[in-house]
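These notes concern the structure reproduced below.
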Amino acid sequence: MLNLLIAFSLVVPLIGAVGILIADKKPNLREACTLLTSVVLLFVVVKIFLALRGGETPELTLFELLPGLEIKFTVEPLGMLFALVAAILWPVNSLYSIGYMRGNAEKHQTRFYFFFAIAIFGAIGVAFAGNLLTLFLFYELLTLSTFPLVTHKGNDSAKSGGRVYLGILISTSIGLLLPAIIWVWELAGTTDFQAGGVVPQYVEGGTVFVLAMLFVFGIGKAGVMPVHRWLPAAMVAPTPVSALLHAVAVVKAGVFSVVKVVVYVFGIDTLGAEPSVDWLLWFALFTIVAASTVALRQDNLKKRLAYSTISQLSYVVMGALILVPLSVTGAALHIIAHAFGKITLFFAAGSIYTSSKKTEISQLNGIGRRMPWTMAAFTVGALSMIGIPPAAGFLSKWYLLSGAIAADQYIAVLVIFISTLLNTAYFAPIVYAAYFKRDRSDTMLNYGEAPLPAVVALCFTALLTITLFFFPQTVFELIQMIET
C-alpha cells in the first residue's frame, strides 16, 4: 500500500497535466482540474508523511539499469520536508495563478498550467529519489519542464533569459554533477542514499574536497556564486513562475539536493574531518554577502527579490557545510521558512504589477494605502527574510547561528549578522515607502487590490510564515528523524 502511495504521488501530477490539456478550450474546467490535482497530491503526500511518522519507510523500485543503478524512490525525513513544501504550495500557487493569469490576460494559459504540473512531478521525484541516479533524472526533468515557463511570454527578453537559464543549469549538471555521480558509483558500487554516507570508506584528503566541489557547483539550482546568473535571468517569467522557481520547486530542489548529498552521500563526520572543505563554506559565505549587496542596487522589485533568493539559498548551503547537527537543523528549517516567506514576496510583487503595472521599487510610494492586504503580506515576508519574529525566518537563523557558534565558525556568525543588516537595508525602505511616503505621480490612477484569488493566496502564505514560527513542532520532529 505504501509503495502505491509513492507511485500515486508521482502519477497524480501527470494525470493532472493530461486533464489540463483535455480542458484546453474550457478555462474554468482547466483551472478546476489544476486545483483538484494539487489538492489530491497534497492529500497523498500527507498520507505518506503520516506513514513515515508512524515508523514506516515507504520504498519503491521501478527497475535496475545496471548493477547498483536503479530507478528507486525512498521516503526519508529530509525528502519528506521538500515534498511537503511542494505539495502545500502547489494549491496556493495554482489559486494565485488563476488571479494573475486572468488579471493580466496572459496567452497560452493551458501550456502554462501543463508545464507547471510537469514541474511539480519533477519536484516530487527529486524529493523521494532513493539514489543519486534517480535524483539526477528528475533534477534534469525539472530544468526542462520549467524552461517553457521561463520563456512563456515569447518575446526577445524571455528567449534571452531562457537561454541563460537552460545553458547554466544544463551545463553545470552535465559537466559537474553527472561526473560526481559516476565517481560515487565507481567508488562505492552504488548511488543509494545511506545514513552516515555512502563514500566515507572510499575517499579521504583532497578527493573529498574535489568530489564535494563537483556536487556543490554541479547542483546549479542552489545558486552558489559563480553559477547563479540563471536565477535573475529567469525573472522575465510571469510572477507565478518566479514563485515556482524561488519557493515551490526549483531552487528548493537545489539546496535540498546539497543538504541530502552532505548528509547521505558524504556523511557529516567525513566532511567534518577534511579541513579543505572549509573552502566550499567560504563560497557560500561570499554568496550570502555579495548577493545581498547586489540586491541593494536593484530598483526592479523582482530582481531585488531574485538576488535576495541567491543570498538566502546560501544560508542553507552554509548550514549544511558547517557540519554540526544544529546547523543542519537550521538549513532544513530555512528551506521551509524561505519557501513560505519568498513565495509571499513574489505573490505581492505580482499582485502589484497586476493591479498597478508598477515594477520598480521607486514607484511604490504610498502603495500600502491602495493595496493594504498585499503590502501587509509583503511586510510579513520581509520580516522572515530579515529574521525578525514572529516570522519563521527568525527560527532558522537562530539555529544557523547556534550551529556556527557550536562549530567555532565565527566568520559564519559575522556573515549572518552582516547579511541581516543588508536584508534590512533593502527590505525596510520598501515597507517604509509603501506606508509612509506620499505618491505624487499617479494620484489620478484608480487601482486597488489584485483579483481576489491572488490576494487570498498571498495572505495565506503570509499566515503560513507566521504559523511556522509559533508551531514548528512537526518540522522539528521530521528534522530530528534525519540520520546524520
Side-chain angles (χ1 to χ4, degrees), residues 17 20-21 24 27 30-31 34 93-94 96-120 122-123 139-173 220-221 223 227-254 294-295 298-310 342-343 345-361 363 450 454:
I20 289 164
L21 289 179
D24 178 26
R30 177 191 63 209
E31 291 159 4
T34 300
N93 202 323
S94 297
Y96 179 87
S97 296
I98 292 169
Y100 181 93
M101 300 300 281
R102 289 194 174 192
N104 289 288
E106 292 281 351
K107 297 179 180 179
H108 309 299
Q109 293 189 29
T110 297
R111 184 182 70 191
F112 169 87
Y113 290 112
F114 171 79
F115 280 109
F116 210 108
I118 299 299
I120 295 297
Y139 179 98
E140 293 295 82
L141 175 65
L142 190 53
T143 300
L144 296 174
S145 62
T146 49
F147 173 71
L149 296 172
V150 171
T151 59
H152 178 82
K153 290 186 179 296
N155 54 29
D156 289 341
S157 61
K159 292 176 182 177
S160 175
R163 284 194 294 270
V164 175
Y165 176 82
L166 192 64
I168 292 177
L169 291 184
I170 291 293
S171 62
T172 53
S173 61
K221 291 185 177 75
V227 291
H228 68 287
R229 288 187 58 247
W230 64 270
L231 215 161
M235 290 304 95
V236 295
T239 299
V241 178
S242 300
L244 171 72
L245 297 176
H246 289 255
V248 182
V250 178
V251 299
K252 294 302 174 292
V294 175
Q298 304 303 312
D299 189 41
N300 182 273
L301 181 56
K302 283 180 67 175
K303 283 192 175 181
R304 183 170 292 193
L305 295 179
Y307 280 101
S308 168
T309 293
I310 294 168
K342 189 52 65 73
I343 199 171
L345 292 169
F346 271 103
F347 280 176
S351 293
I352 290 168
Y353 172 76
T354 300
S355 181
S356 68
K357 302 306 176 187
K358 296 177 184 291
T359 59
E360 309 303 303
I361 294 167
Q363 299 171 334

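- Arg229 pairs by the salt bridge (Lys or Arg N to Asp or Glu O under 4.0 Å) definition with nothing, not counting sequence neighbours.
- With hydrogens and angles left out, the side-chain atoms of Ser173 and Lys221 include no donor and acceptor closer than 3.5 Å.
- Of all the heavy atoms in Ala117 and Ala17, the pair that sits closest is CB-CB, 4.0 Å.
- Annotation: side chain of Phe115 is not in contact with side chain of Phe147 (no heavy-atom distance under 4.5 Å).
- Scanning both residues, Ala253 and Leu142, for their nearest heavy atoms gives CB-CD2, 3.6 Å.
- Under the 3.5 Å distance criterion, with hydrogens and angles disregarded, a donor-acceptor pair is assigned to the side chains of Tyr165 and Thr146.
- Heavy-atom contacts from other residues, nucleotides or ligands closer than 6.0 Å to NZ of Lys357 number more than 12.
- Rounding to the nearest 0.5 Å places CD of Glu31 at 4.5 Å from CD1 of Ile98.
- With contacts defined as side-chain heavy-atom distances shorter than 4.5 Å, the pair Thr359/Leu301 does not qualify.
- In this structure, CZ in Arg304 is found 13.5 Å from OG1 in Thr309, a value given to the nearest 0.5 Å.
- Note on ring orientation: taking the six-membered ring where Trp is involved, the planes of Phe116 and Phe112 are tilted (angle from 30° to 60°).
- When side chains are defined from C-beta on, Ser308 counts as touching Lys342, because their heavy atoms get closer than 4.5 Å.
- If you take CG on Asn300 and CD on Glu360, they are separated by 4.5 Å, rounding to the nearest 0.5 Å.
- With hydrogens and angles left out, the side-chain atoms of Ser97 and Asn93 include a donor and acceptor closer than 3.5 Å.
- Two residues are said to be in side-chain contact when any heavy atoms from C-beta on lie closer than 4.5 Å; Ile170 and Glu140 meet this criterion.
- What you find for Leu305 and Ala349 is that their closest heavy atoms are CD1-CB, 4.2 Å.
- Between the side chain of Thr172 and the main chain of Leu169, a donor-acceptor pair closer than 3.5 Å is present.
- Taking each heavy atom of Gly223 and Trp230 in turn, the nearest pair found is CA-NE1, 4.4 Å.
- Rounding to the nearest 0.5 Å places CZ of Phe347 at 14.0 Å from CD1 of Ile352.
- The minimum heavy-atom distance between His152 and Lys107, with the atom names listed, is NE2-O, 2.8 Å.
- In this structure, Lys302 fails the cation-pi test against Phe346, since its NZ or CZ atom is not both closer than 6.0 Å to the six-membered ring centre and inside 45 degrees of the ring normal.
- Inter-residue side-chain proximity for Thr110 and Pro27 is flagged as unmet; no heavy-atom pair is nearer than 4.5 Å.
- The line from OG1 of Thr354 to CZ of Arg102 is 14.0 Å long, rounded to the nearest 0.5 Å.
- Side chains of Ser351 and Tyr96 form a contact here, defined as non-hydrogen atoms less than 4.5 Å apart.
- Between atom CZ of residue Arg111 and atom CG of residue Leu21 there is a gap of 12.0 Å, rounded to the nearest 0.5 Å.
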Legend entry - Test side chain to side chain contact (heavy atoms under 4.5 Å, CB included) applied to Ile118 and Leu141, step by step: CA-CA 8 Å; Ile118 299 299; Leu141 175 65; 4.3 Å; yes
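- Two residues are said to be in side-chain contact when any heavy atoms from C-beta on lie closer than 4.5 Å; Leu166 and Leu144 meet this criterion.
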